[in-house]
Protein chains: 2
Amino acid sequence: MNHPTDAAGTVSPFLSDLDIVKTASLTTVLEKEIERLILTGELEPGIRINEIHLSNRFGTSRGPLREATRSLEAKGLVEVIRNRGVFVRRLSVEDAIEIYDIRAALFGQAGRLVAERMDDKLLGELTRLVNRMDEIAETGDVDAYYPINLAFHNLIVTSCGNRTLAAEYQRFVNKLHLFRTRALVQSGGLKISNTEHRGMLEALASGDGDRAQLAHWRHVSLAKKRVLAAST
Amino acid sequence: MNHPTDAAGTVSPFLSDLDIVKTASLTTVLEKEIERLILTGELEPGIRINEIHLSNRFGTSRGPLREATRSLEAKGLVEVIRNRGVFVRRLSVEDAIEIYDIRAALFGQAGRLVAERMDDKLLGELTRLVNRMDEIAETGDVDAYYPINLAFHNLIVTSCGNRTLAAEYQRFVNKLHLFRTRALVQSGGLKISNTEHRGMLEALASGDGDRAQLAHWRHVSLAKKRVLAAST
DNA sequence: CTCGCGTCAACTGTCAACAGATTTGACGGT
DNA sequence: ACCGTCAAATCTGTTGACAGTTGACGCGAG
């Protein structure tokens, strides 16, 4: 990507810091910061983003902030209504269903790609994570299960060799955070969930793309049904 | 989505026109216009978008134009480099491959959803389009084949009942236009392509979701291989 | 002729101010 | 007490201007 540090040989942390400063415009910084506020729930769905207040809070003018919100609108995190303002997007149950189906499709594709480029090292790491989840599932400790589960899914998506796919998948996962679901994983589902993980793992190890795609698709699809059943 | 017309019951075309006028800000208009310029090839990949020139051309100031380009950046149509400007995105072969895989995943999901909600009316329309393509394939008229083919794919995607999926699918199809491929459909592939269409049609008619998903996925995946084979 | 340096025009990043729309709240009539 | 009307306040849409950066051109030294 024509990185300025490419020509310098080894890159010192200091230099890379400078590089970050140079690359980051106010718009970029604001966008990431607002996205963080939304994903952490500090800006709740449905709330209006006041341009003046927020730009004052960050010490900038309204220009860069407006550019940042336009970008977030295209990413689906906020909604802009002319002459009324930008609102943190609120997802209906129907919206969540639609996004789950997209996520399932993308995750299935990722599973297929991973199956076709599997190696021992990756298989070892995935197996380790699933084993770890099995142990935790016995105790029913949801808080401990969640990060491992996340790492397992992330490892699959980032190992598929398709960076665009990985980025888009992440975008939809983020968007799902706008759905009114904190603590959506019910402890009873841990063992079931990890059983599906084992099935995915076997499919990945077999190298059968069709099989892996179906297993991964089904996993997300079942997660969708679990969430929906819990939210009605 | 809290649309203003929701409460009004039926929506007249006139009302929806008014609604459009009220909703359109300069930013929105500029965004759609620039997107059109890019997709029609009037703004070629790699070219820089001069803020002053373009805003003068549309008779606006640079503010709305910058907001529009930020939105297009998030959609993946342009690339913004700090202090240098925004450039119409140029897709490498690797980028195109990645997007084709995403498109295949989404189209497969659409096929599954359609199969699960199939009705006679839709089946009739789809069958008509495939028959039409068969006739045209005999003559080898690529220019006549293309719009029917497009209509066939669009009908499937818009009939799947998932509006978000349809919008995202369209976004990736648009993005593929940035790839250096005019006239990518080689006439020899028409019959092969429509053979695949018939397979998809049968799968849809059977109501078997797994089967339909695989058939639709494979169709795009094979199209990917054909395009790549022609571009190396 | 080539390379390096300084200068300059062009362009982007950011800001402050103006114009128009929307919301708020008070007021008077019913 | 309730409702419609109207005006002030608040906020967004848009513009023009200023500051900093980048890339190009030209000039002189080697």
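Every chain is numbered from 1, with letters handed out A, B, ... down the list of sequences.
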(request) Give a yes or no answer on whether the side chain of A:Arg117 reaches the backbone of A:Ser159 with a donor-acceptor pair at less than 3.5 Å. (result) yes

(request) Assess A:Arg112 against A:Trp217: is NZ or CZ under 6.0 Å from the centre of the six-membered ring, and within 45 degrees of the ring's axis? (result) no

(request) Taking only the side-chain heavy atoms of B:Thr60 (C-beta and beyond), determine which of C:dT14, D:dT15, C:dC15 contains the nearest atom. (result) D:dT15

(request) Could you pull out all residues at least two apart from A:Glu94 that satisfy side-chain contact (heavy atoms from CB on, under 4.5 Å)? (result) A:Ser92

(request) Using whole Å, report how far CG of A:Asn83 lies from P of C:dA21. (result) 7 Å

(message) Is there a side-chain contact between B:Arg82 and the phosphate of C:dG13, meaning an N or O under 4.0 Å from OP1 or OP2?
(response) no

(request) Specify the separation, in whole Å, of atom CG of B:Leu30 and atom C1' of D:dT14. (result) 12 Å

(request) State whether B:Arg84 places a side-chain N or O below 4.0 Å from either non-bridging phosphate oxygen (OP1 or OP2) of D:dG23. (result) yes

(request) Go through residues 49-58 of chain A and report each residue with a non-hydrogen atom lying under 4.0 Å from DNA chain D, sorted by number. (result) A:Ile49, A:Asn50, A:Glu51, A:Ile52, A:His53

(message) Could you work out, with side chain to side chain donor-acceptor pair (under 3.5 Å) as the rule, every residue matching A:Glu116, not counting sequence neighbours?
(response) none

(request) Go through the structure and list residues passing side-chain contact (heavy atoms from CB on, under 4.5 Å) with A:Ala166, not counting sequence neighbours. (result) A:Val157

(message) Going by salt bridge (Lys or Arg N to Asp or Glu O under 4.0 Å), name the residues that satisfy it together with A:Glu73, two or more places apart in sequence or in a different chain.
(response) A:Arg70

(request) May I ask you to list the residues of residues 63-75 of chain B, by number, that have any heavy atom positioned under 4.0 Å from an atom of DNA chain C? (result) B:Arg66

(request) Using the test side chain to side chain donor-acceptor pair (under 3.5 Å), find all partners of B:Glu168 that sit at least two apart in sequence or belong to another chain. (result) A:Arg171, B:Arg171

(request) Mind calculating the distance between CD1 (B:Ile81) and C1' (C:dG13) to the nearest angstrom? (result) 15 Å

Every protein N/O lying under 3.5 Å from an N/O of nucleotides 6-9 of chain D:
none

(request) Under the side-chain contact (heavy atoms from CB on, under 4.5 Å) rule, collect the residues that match up with A:Leu26, sequence neighbours excluded. (result) A:Thr60, A:Pro64

(message) Applying salt bridge (Lys or Arg N to Asp or Glu O under 4.0 Å), can you list everything that pairs with A:Arg57, at least two apart in sequence or on another chain?
(response) A:Glu42

(request) Please name all residues satisfying side chain to side chain donor-acceptor pair (under 3.5 Å) with A:Lys175, sequence neighbours left out, ordered by chain then number. (result) none

(request) Specify the separation, in whole Å, of atom CZ of A:Arg62 and atom C1' of D:dT14. (result) 9 Å

(request) Return the set of residues passing side-chain contact (heavy atoms from CB on, under 4.5 Å) with A:Glu44 (not counting sequence neighbours), or none when no residue passes. (result) none

(request) Verify the contact: side-chain N or O of A:Arg48 to OP1 or OP2 of D:dT12, cut-off strictly under 4.0 Å; return yes or no. (result) yes

